[in-house]
Amino acid sequence: MSSKDLKMFRVIVLLSFLVIRASSLNNHSFPNNFMFGVATASYQIEGGWDADGKGENMWDWWTHTFPEKISNRYSGDVTCDSYHLWRDDVEMLKHLGVNHYRLSISWSRVLPEGTTNYVNQKGVEYYRNLFQALLDNGITPLVTIYHWDLPQPFNELGGWMNPLIVDYLGDYARVCFQLFGDLVKNWITINEPQTTCLQGYTQGYKAPGYANEGEGIYLCAYTHVLAHARAYHIYDEEFRALQNGTISIVLDSSWSEPASDSDKDLEAAETQMEFILGLYANPIYNGNWPRVVIDRVGTRSLLEGYSKSRLPEFTQEQIDYVKGTYDFFALNTYATNLIYHQIDVNQSIGKASYFLDSGTGSKTDPSWKTVVGWVNDVPWGFRKLLNWVSEHYKRPDIFITENGWSDYTGELNDQDRIEYIGNYLSAILDAIYEDGINILGYTVWTLMDNFEWQVGYSQKMGLYYVDFDSPNRTRTPKASAEWFAGVIRGRCLLDQCEN
Ligand code: BGC
C-alpha cells in the first residue's frame, strides 16, 4: 500500500468508528472477565501438508483426489503457510490485543499415522513453540483437539461412520493432554459435528463425500458424541486434578425462527432446533437424543420397512457416560433461518432421509443483509438462540467460539463485517444484561482469510487480508481488525459505555 492509500485507509477506519457510534448498539461495557478472541483451524491455515513428517489426513486426500470438488481446484497444501509463518500470526494477535486465540491441532502432524505408536517430534515442537509464544504475550490458547482433519488411515475405516474412532480419538486426546497440558488449560474436544455429519456424511460436499441421507448423519452423530465423551472423561479422570483446565465440545447452530405464527410452524421451528443442535447437545447436556428426534426417526424408519430405527440407540450406560460431559457451552453461529412445517411424520414415505425425518422446510427473509447467502446479519436471531440454549441446557456458561462475516472480495474497507460483528456483540450485551445469561467470551471467525473448505479461497472471512499470490503470504489488516482492536481496548462498542 502507498502512503497515500494508507492515509485514506486510516480515514476510512476512523469513519467506521463514527458510523458504529451513530447506531443503536448496546451501551454497556463488557464484563471485566469477558474474553475477546479470534479463531482458526489447522487445515485452513497451516499448509506444510507433508512437511517434517506430517501424515496424510482426510482433507489432504480429498483435495488431492477430487480437486474438482473445491472451487478453482484449490487445496490447503500451502494456504496461509502458518506452519512456517506462525510468528507473523502471533504479531497479528498482539496487534489485535486479543485475550484468547482459538486454534486447532493437526492430528496427523503430531501422530502421522493417527495412532499413538509414533509421535512426530517436529509436530510437537511446532505446537509447543506456538503455545509458549502465545502465553509469553498474555494470550490464552483455546485449543481444539479435532477440527475436521481426520487422519486418512481412519477415513479408510469409514471415518465417523465407524464407532472405533471413539477409541482412536480418545488415545489422541490423551497424547495432547500429555504433550501440551502444561501450556494449554482450555480445551475443545471436537469442532462442529453437525457440519461434518451433514455436509460430509449426508450431503457429501465436504470430505469424505458420503451422500447417505438416511443413516449418515445419525451414525456420524453417534460416534462424535461418544468420542467427545471419551476425551472429556480422559481429561477429567487422568489430567484435570493436575492441569486444572476446562474442556467442552464446540456445537454449531443457526437460529430457527418460525416462518409464521401457525401452530405447525411454531412446532416445526422447535423440531428443527432439535434436529440441528439437539442431536448433539441433548445427549451431552440433558442425556440421550432429543425425544422428538427419537420419535420421528423411529416412526418413519418402521414405515419405511426398517426393522428398527435408523437412529442408533444409546444404552443406558452410554447415556450416563455422555451426560454432563461439559464445563461450558461452546457455540458457533452465523445466521438465522425461517422454518416452516413441510410434511407430517407419516407423509412422503419412500426415501429414507434426514430432511424428511424433521419434516421441516427452511428459507430466509430477502430483506436480511447477506453477501454469500449462508451468513446473514440478524442479531435478534442470535439473541433468541442464546436464550434457547440457556433454557434447554440448564443455563450453562456460554462461550461464543465462532461468529463472523463472509464476502467474496476480501476488501480492506470491510464495513459490512464491522457492522455484523458490532451487531452480534451488541446482542451479547443484551443477553448478558437484560436476559441474565452468562457469556464468557466471543471469538471472531477468523484471524485471516484462509482455506474455506469446499469454496477454497473464494470466500473471505478474515480480519486480515492474505495475499495468496505472494510467497510470504503477506497479511494486511482490514478496517475490521483496527475496529476490533479498539473494541477490545475499550471493552465497549461505543465511544463511552455504562459499567
Ligand atoms: C467452521 C470453520 C469454517 C467456518 C466458516 C465453521 O463451520 O468451524 O472451519 O471456516 O465455519 O465456514
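As the structure is a computational prediction, the values presented were derived from the model and not from experiment. Residues take their numbers from the sequence shown, with the count starting at 1. Both counts, for ligands and for their atoms, begin at 1 and track the order of listing.
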**Prompt:** Which one holds for Asn191 and ligand 1: side chain close, backbone close, both close, or neither close, with close meaning a heavy atom under 4.0 Å?
**Reply:** side chain
**Request:** State yes or no: are the ring centers of Tyr420 and Tyr424 separated by less than 6.0 Å?
**Result:** yes
**Message:** Using a 4.0 Å heavy-atom cut-off, which part of Trp374 comes near ligand 1: side chain, backbone, both, or neither?
**Reply:** side chain
**Asked** Which class fits the ring pair Tyr222 and Trp289: parallel under 30°, tilted 30 to 60°, perpendicular over 60°?
**Response** tilted
**Asked** Would Tyr285 and Tyr326 count as a close aromatic pair, with their ring centres under 6.0 Å?
**Response** yes
**Complete:** Of all protein heavy atoms, the one nearest atom 1 (C) of ligand 1 is Glu402 OE1, 3.4 Å
**Message:** Looking at His392, is its backbone amide N or carbonyl O close enough to the side chain of Asn286 to form a donor-acceptor pair, meaning the two atoms are under 3.5 Å apart?
**Reply:** yes
**Item:** Enumerated ligand 1 atoms positioned under 4.0 Å from heavy atoms of Trp148
**Value:** 1 (C), 7 (O)
**Item:** Atom indices of ligand 1 within 4.0 angstrom of Gln44 heavy atoms, with elements
**Value:** 2 (C), 3 (C), 9 (O), 10 (O)
**Asked** So, does Gln459 sit close enough to ligand 1 that a heavy atom of it is under 4.0 Å from the ligand?
**Response** no
**Item:** Atom indices of ligand 1, in the order listed, that fall short of 4.0 Å to a heavy atom of Glu452
**Value:** 3 (C), 5 (C), 10 (O), 12 (O)
**Prompt:** Please state which protein non-hydrogen atom is closest to atom 3 (C) of ligand 1 and give its distance, to 0.1 Å?
**Reply:** Trp453 NE1, 3.6 Å
**Those atoms of ligand 1 less than 4.0 Å from some heavy atom in His147** = 1 (C), 2 (C), 8 (O), 9 (O)
**Request:** State yes or no: are the ring centers of Trp453 and Trp59 separated by less than 6.0 Å?
**Result:** yes
**Message:** Under a 3.5 Å cutoff, is there a donor and acceptor pairing between the side chains of Thr336 and Glu257?
**Reply:** no
